[in-house]
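Accompanying notes for the structure given below.
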Amino acid sequence: MPSQPDRRFWLFKSEPEVFSIDHLAGCPSQTTFWDGVRNYQARNMLRDEVRVGDGVLFYHSNAEPLAIVGLARVVRAGYPDHTAWDPESAHPDPKSTPEKPIWSMVDIALETRFAQPVERTTLARTKGLEKMLLLQRGSRLSIQPVTSEEWRIVLKLAGRGA
DNA sequence: GCCAACGTTGGC
DNA sequence: GCCAACGTTGGC
């Protein structure tokens with residue numbers, strides 16, 4: 001893979017009962033929009049910082065096992081989350097309208113489902129991941145920045161080291 | 001602008 | 001099921 005100095009890395013959390021990596025694998029072109037983020041800090045990252053080509057660690061929360069289950073790639077940068085003004089959607093927000101959208105989303109495409117998910121317990125005892133946001137007590141952000149070093153370590157744990 | 005009450009997230 | 005952490009709401 002050619003080096004991409006500007007590439008950033010992220011971790012996207014999802015409850016697999018709601019949307020799992022298998023759901024993503026079943027989407028047309030294994031691509032979907034990442035809707036339903038209703039937290040301003042996460043929204044700001046989706047809207048302002050996440051770019052096409054960025055790498056995504058797909059994490060299953062509230063699940064057994066808790067684990068990073070694969071990789072995705074950002075294929076469309078931030079744009080309005082239209083599910084917000086759909087009253088039938090899972091996360092309606094009547095304050096958001098097509099004229100004045102509040103929430104943002106990006107599109108991601110599946111890259112890999114790990115044959116062996118990288119479990120949270122493994123992450124927790126891996127040197128170099130001590131500061132990983134996911135592992136911080138009380139960290140609830142559903143969109144988290146990941147450093148290039150953390151990305152490298154996680155891929156290595158998944159058997160996909162460079 | 002403060003802050004108590006409340007709701008949600010999410011690991012354990 | 002418990003509960004700590006955190007965000008939001010709303011009275012004042």
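Letters go in sequence order (proteins before strands), and every chain restarts at 1.
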### A:L11 CG - B:dG11 P separation (whole Å)
11 Å

### Task
Send over the distance from A:Q41 CD to C:dA5 P, rounded to a whole Å.
17 Å

### Message
Using side-chain heavy atoms (C-beta onward) and a distance below 4.5 Å, is A:I143 in contact with A:N39?
### Response
no

### Summary
Whole-Å distance, A:H60 NE2 to B:dT9 C1', equals 17 Å

Pairs under 3.5 angstrom, nitrogen or oxygen only, protein versus nucleotides 1-3 of chain B, please.
none

### Query
Angle, rounded to 10°, between the helical axes spanning five pairs at each terminus of the helix from B:dG1-C:dC12 to B:dC12-C:dG1?
10°

### Task
Report yes if at least one side-chain N or O of A:Y59 is closer than 4.0 Å to OP1 or OP2 of B:dG11; otherwise report no.
yes

### Query
For the pair made of CZ in A:R43 and P in C:dT8, what is the distance, rounded to whole Å?
10 Å

#### Entry: Heavy-atom pair with the smallest gap, counting every atom of A:P16 and A:S61
CD-O, 3.2 Å

### Query
Which heavy atom in A:F19 sits nearest to a heavy atom in A:C27, and how many Å separate them?
CZ-SG, 4.2 Å

### Query
What's the NE2-P distance between A:H91 and C:dT8, to the nearest Å?
15 Å

### Task
To the nearest Å, give me how far apart CZ (A:R38) and C1' (C:dC6) are.
19 Å

### Pairs touching residues 87-131 of chain A that satisfy ring-ring contact (aromatic ring centres under 6.0 Å, His included), sequence neighbours left out
A:Y40-A:W103

### Task
Decide if atom CD of A:Q41 counts as having more than 12 heavy atoms of other residues, nucleotides or ligands within a radius under 6.0 Å.
no

### Among B:dG10, C:dG7, B:dG11, the nucleotide that comes nearest once only the side chain of A:K13 is considered
B:dG10

### Query
Taking a hydrophobic cluster as the set of Ile, Leu, Val, Met, Phe, Trp and Tyr residues connected by side-chain heavy atoms closer than 4.5 Å, whether directly or through intermediates, do A:M45 and A:F9 fall within one such cluster?
no

### Task
Write down the distance between CD (A:E17) and P (B:dG11), rounded to a whole number of angstrom.
14 Å

### Task
For A:P117 and A:A67, work out which heavy atoms get closest and say how close.
CB-CB, 3.7 Å

### Summary
Per the under-4.0 Å heavy-atom filter, residues of residues 93-102 of chain A near DNA chain C come out as none

### Summary
The residue among A:V118, A:V69, A:V146 that forms side-chain contact (heavy atoms from CB on, under 4.5 Å) with A:L57 is A:V146

### Query
In terms of the angle between their ring planes, are A:W34 and A:F12 parallel, tilted or perpendicular, with boundaries placed at 30° and 60°?
tilted

#### Entry: Expected output: side-chain A:E149 to main-chain A:G128 donor-acceptor under 3.5 Å
no

### Query
Which of residues 134-146 of chain A have a heavy atom under 4.0 Å from DNA chain B?
A:R140

### Query
Is A:Q116 atom CD crowded by more than 12 heavy atoms from other residues, nucleotides or ligands, each under 6.0 Å away?
no

### Query
When you check the gap from the basic side-chain N to the acidic O, do A:R43 and A:D81 get nearer than 4.0 Å?
no

### Message
For the backbone of A:E130 and the side chain of A:Q136, can you confirm whether one donor and one acceptor N or O come within less than 3.5 Å of each other?
### Response
yes

#### Entry: Of all pairs that satisfy side chain to side chain donor-acceptor pair (under 3.5 Å), the ones with a partner from residues 10-30 of chain A, not counting sequence neighbours
A:W10-A:D54, A:E15-A:N62, A:S20-A:H23, A:D22-A:R113

